Amino acid sequence: MIIILKKNPEEKQLTNLMAWLNSMNISIHPTEGQTHTILGLVGDTSHVDIDLLRALDIVEDVKRVQEPYKNANRKFHEDDTIVKVGDTQVGGDVFSVIAGPCSIETEEQICEVAEAVKRSGATMLRGGAFKPRTSPYAFQGLRGHGLELLLKAKKLTGLPVVTEIMDLSQLSLFDEVDVIQVGARNMQNFELLKELGHTGKPILIKRGLSSTLQELLMSAEYVMAGGNDNVILCERGIRTFETATRNTLDLSCVPMLKKLTHLPVIIDPSHATGISWMVKPMAMAATACGADGLMIEVHNDPKKALCDGAQSLTPAAFDDVMQAVNAILPHAYKMPKEA
């Protein structure tokens, strides 16, 4: 349930209203928007008298929220959320580009790529230290040493870093990581999501291979229910009957998620297609349809990459993508407020 307050509500009446709601074991999440203040109510609201609430002088309207996700719901939070990451942000007027290798291999490799993507305009550096692989015999990443190398690249370039966590036991190693990524395979690892809800760090959640948008938003809800509102959603392709590409990139999710939630939405065209030459057109399309940013894999020598070389761009190819994206940005679709 949400309560939409009139402008400049009388403070004593508001205090009394919130005390009454709290007495019924209902949690209140206030949000001050540009035009209204909204009280989002979480808990058993079935016994709350809507007509009584509407009769209050400070209340403009009351609505029941049918969706199971509350904190992530745009009805609870009309204005877009901006997630601060170091000296940059995800959402708002900043178009974020997270770039770097799928897997950190050597100090030379990660530092060379970091400097290259920064020159081309990337706002954050990605790099995998812990790698979930389908085969137990495939390269699993450098783990703790990989994180050390990633942080060296961060110190060298000043770029905030994004990397994936696989298990709760690894959390203590992520103190200096700016954005913790929850991969597609862990999107519904609810114990992990609960713990990340207590960190206060920005959490990037990738959509699961076969997950619906509501399931993605429920994963975000797990993090937000723990008190951490710094959540970024990432579409990385879903599994369909098509086999020509690694996955099927669902760009329709961008406007739909923009309607359903206030959280920022970014697109990963690298994992979605699995083919390097397809990254540019998909990145351009994602930009045009209103995404808040991109996550792109870049390797200094893709043919020798230990992980996902087929979908990785060279630094030169990444620079070309950035030029195309920057040309589209002024014309990108913006979701109307009344949508």
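Quick caveat, the model's predicted, so the values are computed rather than measured.
With hydrogens and angles disregarded, a donor-acceptor distance shorter than 3.5 Å links the side chain of S219 to the backbone of M187. Checked by atom type and distance alone, the side chain of D319 never pairs as donor or acceptor with a backbone atom of S120 at under 3.5 Å. Remark: side-chain polar atoms of N228 are paired, donor with acceptor, to backbone N or O of L196 under 3.5 angstrom. A donor-acceptor pair is defined here as one N or O able to donate and one able to accept, closer than 3.5 Å; such a pair exists between the side chain of T123 and the backbone of V97. Judged by distance alone, with hydrogens and angles left aside, the side-chain atoms of H77 form a donor-acceptor pair with the main-chain N or O of D79 at under 3.5 Å. At distances below 3.5 Å, at least one donor-acceptor pair connects side-chain atoms of R54 with backbone N or O atoms of V62. In this structure, E221 contributes its side chain and A72 its backbone to a donor-acceptor pair below 3.5 Å. Within the 3.5 Å criterion, the main-chain N or O of A244 finds a donor-acceptor partner in the side chain of E242. Remark: the backbone N or O of D167 is paired with a side-chain donor or acceptor of Q170 at under 3.5 angstrom. The backbone N or O of H271 lies less than 3.5 Å from no partner atom in the side chain of E297, so there is not a single donor-acceptor pair.
Residues V265 and M218 are members of one and the same hydrophobic cluster, defined by side-chain heavy-atom contacts under 4.5 angstrom among Ile, Leu, Val, Met, Phe, Trp and Tyr. Residues L159 and I266 do not share a hydrophobic cluster, clusters being chains of Ile/Leu/Val/Met/Phe/Trp/Tyr side chains in contact below 4.5 Å. Note on I38: it does not cluster hydrophobically with M224, by side-chain heavy-atom contacts below 4.5 Å among ILVMFWY residues. Residues L294 and M322 are members of one and the same hydrophobic cluster, defined by side-chain heavy-atom contacts under 4.5 angstrom among Ile, Leu, Val, Met, Phe, Trp and Tyr. No single ILVMFWY cluster, assembled from side-chain heavy atoms under 4.5 Å apart, contains both V162 and V117.
Expressed to the nearest 0.5 Å, how far CG of L233 lies from CG of L217 amounts to 6.0 Å. In this structure, OG in S46 is found 10.0 Å from CE in M24, a value given to the nearest 0.5 Å. In this structure, the separation between CD1 on I3 and CG on L5 is 7.0 Å, given to the nearest 0.5 Å.
Residues satisfying the salt bridge (Lys or Arg N to Asp or Glu O under 4.0 Å) criterion with E108, sequence neighbours excluded, are absent altogether. Among residues two or more places apart in sequence or in another chain, the salt bridge (Lys or Arg N to Asp or Glu O under 4.0 Å) test is passed with E235 by R207.
Using a 3.5 Å distance cut-off with no hydrogens or angles, the side chains of R185 and T134 do pair a donor with an acceptor. Side chain to side chain, Q140 and R133 fail the donor-acceptor criterion of an N or O pair below 3.5 Å. Using modelled atom types and a 3.5 Å distance limit, the side chains of T248 and R239 yield no donor-acceptor pair. When only modelled atom types and interatomic distance are considered, N73 and E67 share a side-chain donor-acceptor pair under 3.5 Å.
Using a 4.0 Å cut-off between charged nitrogen and carboxylate oxygen, K118 and E115 do not count as a salt-bridge pair. Between R126 and E164, no side-chain nitrogen of the basic residue sits less than 4.0 Å from a carboxylate oxygen of the acidic one, so the salt-bridge criterion is not met. Classification of K131 and D308 as a salt-bridged pair fails, no side-chain N sitting under 4.0 Å from a carboxylate O. With respect to K154 and D178, a salt bridge is recorded, a charged nitrogen being found less than 4.0 Å from a carboxylate O. Salt-bridge check for K152 with E107: passed, with a basic side-chain N closer than 4.0 Å to an acidic carboxylate O.
Under the side-chain hydrogen bond (donor to acceptor under 3.5 Å, both in side chains) rule, H299 has a single partner from K304, Q311, E112, E105, which is E105.
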Before giving the answer on side chain to side chain contact (heavy atoms under 4.5 Å, CB included), spell out for L53 and V48 the whole-Å C-alpha distance, their side-chain angles and the decisive distance to 0.1 Å.
CA-CA 8 Å; L53 286 174; V48 176; 3.5 Å; yes
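Closest non-hydrogen pair, F76 versus G40, comes out as CE2-CA, 3.4 Å.
Legend: side-chain hydrogen bond (donor to acceptor under 3.5 Å, both in side chains) pairs involving residues 80-98, not counting sequence neighbours, sorted by first then second residue: R74-D80, T81-H262, K84-Q89.
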